[in-house]
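Each remark here refers to the structure printed beneath this line.
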Amino acid sequence: MDKIDRKIINSLQKNARASLKDLSKECFISSPAIAARINKLEKSGIINGYHSSIDIEKIGFHVRAFIQVQLEPRQKDEFYPYVQSIPNVVECNCVTGDYSEIMEVIFPSTTDLDNFINTIQQRFGKTSTQIVFSTSVQHRGITLDDANID
């Protein structure tokens, strides 16, 4: 990956709908060369998708929370497919510490969140939940420069 690839990635993280023409101007190479580089970045798995960012409040989801779950290793085979099937779970990570999993979830109401937490506790065990009041830094990509990547 070179400087041009990093520019392309930075631009696409800011605007996944950037045109080949705009990327070409920014990187000072032809549109076909940009397309070939994007294709190479996709095939290598560096670019693994394109996403829309939405305002969850405007579509009726007013509660965002982080739920930590204390799992036994043997429970993971059941837990992972279960949380993958729940559309309100927007991310789930295996982590270190007292709780082995942390999920980010969104729900229309605290009642819906409470029902989900009750289900998790009944099926899998102890949880700890933090409800988000505000977000000071929205989810974002990482800016790549020569210091980040060899």
Approximate separation, where rounding is to 0.5 Å, of [X] [atom1] and [Y] [atom2]:
| X | Y | atom1 | atom2 | value |
| --- | --- | --- | --- | --- |
| Lys14 | Arg140 | NZ | CZ | 12.0 Å |
| Leu41 | Ile46 | CG | CD1 | 5.0 Å |
| Thr129 | Ile131 | OG1 | CD1 | 7.5 Å |
| Gln70 | Gln121 | CD | CD | 11.5 Å |
| Asn88 | Arg64 | CG | CZ | 12.0 Å |
| His51 | Gln13 | NE2 | CD | 10.5 Å |

Does one side chain, of [X] or [Y], offer a donor that lies under 3.5 Å from an acceptor on the other?
| X | Y | value |
| --- | --- | --- |
| Tyr80 | Gln75 | no |
| Asp114 | Thr111 | no |
| Ser44 | Glu42 | no |

If you define the side chain from C-beta out and look only at heavy atoms, does anything of [X] sit under 4.5 Å from [Y]?
| X | Y | value |
| --- | --- | --- |
| Tyr82 | Ile120 | yes |
| His62 | Thr110 | no |
| Glu101 | Cys92 | yes |
| Val105 | Leu113 | yes |
| Met103 | Val69 | yes |
| Tyr99 | Thr127 | no |
| Tyr50 | Leu12 | yes |
| Gln130 | Gln68 | yes |

Practice task
Apply salt bridge (Lys or Arg N to Asp or Glu O under 4.0 Å) to Lys3 and Asp145, showing your working.
Solution key: CA-CA 8 Å; Lys3 190 177 222 172; Asp145 58 29; over 6 Å; no
In terms of side-chain geometry, is the basic nitrogen of [X] or [Y] positioned less than 4.0 Å from the acidic oxygen of its partner?
| X | Y | value |
| --- | --- | --- |
| Arg37 | Asp2 | yes |
| Lys7 | Glu26 | no |
| Lys126 | Asp98 | no |

Practice task
Would you please test Phe124 and Glu72 for side-chain contact (heavy atoms from CB on, under 4.5 Å) and show each step?
Solution key: CA-CA 8 Å; Phe124 301 104; Glu72 297 295 325; over 6 Å; no
Are [X] and [Y] grouped together when hydrophobic residues (ILVMFWY) are joined by side-chain heavy atoms under 4.5 angstrom apart?
| X | Y | result |
| --- | --- | --- |
| Ile67 | Val132 | no |
| Val89 | Val95 | no |
| Phe61 | Val83 | no |
| Ile86 | Ile106 | no |
| Ile56 | Phe66 | no |

[X] and [Y]: which non-hydrogen atoms are nearest, and at how many Å?
| X | Y | value |
| --- | --- | --- |
| Cys94 | Lys76 | SG-NZ, 3.5 Å |
| Asn10 | Ile142 | OD1-O, 3.8 Å |
| Thr135 | Val137 | CG2-O, 3.2 Å |

Flag, side chain of [X] to backbone of [Y], donor-acceptor distance under 3.5 Å:
| X | Y | result |
| --- | --- | --- |
| Ser100 | Leu71 | yes |
| Ser24 | Ile29 | yes |
| Ser11 | Ile8 | no |

Practice task
Check Ile4, Asn15, Ile38 against Leu23 for a side-chain contact (heavy atoms from CB on, under 4.5 Å) and give me the one that passes.
Solution key: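 Per the side-chain contact (heavy atoms from CB on, under 4.5 Å) rule, the option paired with Leu23 is Ile38, out of Ile4, Asn15, Ile38.
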Handout entry: Near-ring test Phe116/Phe107, centroid separation under 6.0 angstrom
Key =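 Close enough - the centres of the two rings lie under 6.0 Å apart.
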